[in-house]
Undergrad: 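Below: one structure in structure tokens.
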Amino acid sequence: MTMRRRTFTIGATSVGLGALLARPRLALAALSHEQMVELLKVVDDRQRNNGDWRANAYLEQKEKDKVDVVYETEYFRRSADQKFMILFLKPKASAGQGYLRIDKNLWFYDPSVGKWERRTERERIGGTNSRRSDFDESRLAEEYEPSDEGDDKLGVYTAYKLLLKGKPGLDLAFPEIRIWIDKETKNVLKRQEYALSGRLLRTSYYPKWKKVFSESKKADVWYPEEIRFYDEVEKANSTLIQIRAVDLRPLEANLFTKAWLESKSR
């Protein structure tokens, strides 16, 4: 793999990302299926608010032979019924566009034509290399069956390395994921996502995690403050996401509707 990755940081610790990938894999750990599922539940629960969520997301898209594009979005979610929405604020050409997930269906709205179109979970959000699931609550234990690939060393971190295969009947952005989970914090450090054919499509790094206290959960909620996606098909393409201004106060009851999103584009 090309050593093109940037600085890898969690908390105050930084290491060169190239060094992370160069370290040899450690001996396999003997996690049972039950232990792996419990581990995924811990990963999910740390990121789950058990309430409402509002945040801003800065997206920077780099593509070969194209001018870099910067997006600013506001996104919302509700744990009780798994509703989700993204509203684009910038650039001007995308302002008012949005995605709404209701009743397990993902819809896209374009105010320039005034129409809603149903999209799959494989939809690239705003044409970037991000997906809806990158902003939504983590549901790894519900959506995937894990298998153990032992421990792996990522720089100074020792990680559980699991291969996750999507459960039948679910519309998932990626049917197969290889994931590295920090043994100490249970934060996700790295993911590789594959097509059904087994082809590697995307590699993601989670260099910065942050926590915020949730009144609805009565505990801390962890979220990736920064995610870096690298396209493994079009090697020159990459996406940076920075999560900002997280707010866990209750949202308006009627927010997750087509009418609400349409009203923001007028």
Undergrad: Is Lys115 salt-bridged to Glu117, cutoff N-O under 4.0 Å?
TA: no
Undergrad: I'd like to check the side-chain contact (heavy atoms from CB on, under 4.5 Å) partners of Leu172; sequence neighbours left out, ordered by chain and number.
TA: Glu143, Tyr144, Leu170
Undergrad: Whether the side chain of Asn56 engages the backbone of Glu74 through a donor-acceptor N/O pair (distance < 3.5 Å, no angle test) should be reported.
TA: no
Undergrad: Given side chains that start at C-beta, do those of Tyr109 and Tyr99 come closer than 4.5 Å, heavy atoms only?
TA: no
Undergrad: Do side-chain atoms of Asp148 reach the backbone of Gly150 as a donor and acceptor pair under 3.5 angstrom?
TA: yes
Undergrad: Between Glu262 and Lys264, does any NZ, NE, NH1 or NH2 come within less than 4.0 Å of an OD or OE carboxylate oxygen?
TA: no
Undergrad: Side chain of Arg46, backbone of Thr185: donor and acceptor closer than 3.5 Å?
TA: yes
Undergrad: With a sphere of 6.0 Å drawn around CZ of Arg249, does it hold more than 12 non-hydrogen atoms of other residues, nucleotides or ligands?
TA: no
Undergrad: Can Arg48 and Glu137 be counted as an ion pair, charged N to O under 4.0 angstrom?
TA: yes
Undergrad: Does the Glu142 side chain pair with the main chain of Arg139, one donor and one acceptor, at a distance under 3.5 Å?
TA: no
Undergrad: Passes salt bridge (charged side-chain N to carboxylate O under 4.0 Å, His left out), Arg132 versus Asp136? Steps please.
TA: CA-CA 6 Å; Arg132 190 274 307 166; Asp136 208 347; 2.5 Å; yes
Undergrad: Hey, does Lys217 have a side-chain heavy atom less than 4.5 Å from the side chain of Val221?
TA: yes
Undergrad: Quick check: does any side chain N or O of Trp107 sit under 3.5 Å from a backbone N or O of Lys258, one acting as donor and the other as acceptor?
TA: no
Undergrad: When you measure from the side chain of Gln47 to the backbone of Val43, do you find a donor-acceptor pair of N or O atoms at a distance under 3.5 Å?
TA: yes
Undergrad: Going by an N to O cut-off under 4.0 Å, is there a salt bridge joining Arg101 and Glu121?
TA: yes
Undergrad: Does any non-hydrogen side-chain atom of Leu89 lie less than 4.5 Å from one of Thr73?
TA: no
Undergrad: Which value, rounded to the nearest 0.5 Å, describes the distance between Leu39 atom CG and Leu162 atom CG?
TA: 6.0 Å
Undergrad: According to the interplanar angle, ranging from 0 to 90°, do the rings of Phe88 and Tyr71 count as parallel (below 30°), tilted (30 to 60°) or perpendicular (above 60°)?
TA: perpendicular
Undergrad: Is there a salt bridge (charged side-chain N to carboxylate O under 4.0 Å, His left out) between Lys211 and Glu225? Walk through the geometry before answering.
TA: CA-CA 9 Å; Lys211 66 179 179 180; Glu225 190 176 27; over 6 Å; no
Undergrad: Other than Val42, which residues form its hydrophobic cluster under the rule that side-chain heavy atoms must be closer than 4.5 Å?
TA: none
Undergrad: Is there a donor-acceptor contact under 3.5 Å from the side chain of Asp182 to the main chain of Leu189?
TA: no
Undergrad: I'd like to know if Glu193 and Arg202 make a salt bridge, using a cut-off of under 4.0 Å between side-chain N and carboxylate O.
TA: yes
Undergrad: If you count heavy atoms of other groups shown closer than 6.0 angstrom to NZ of Lys167, is the number above 12?
TA: yes
Undergrad: Suppose we call two aromatic rings close when their centres sit under 6.0 Å apart. Are Phe84 and Phe76 close by that rule?
TA: no
Undergrad: Under a 4.0 Å threshold between the charged nitrogen and the carboxylate oxygen, would Lys104 count as salt-bridged to Asp171?
TA: no
Undergrad: Kindly state whether the ring of Trp53 and the ring of Tyr223 have centres lying under 6.0 angstrom apart.
TA: yes
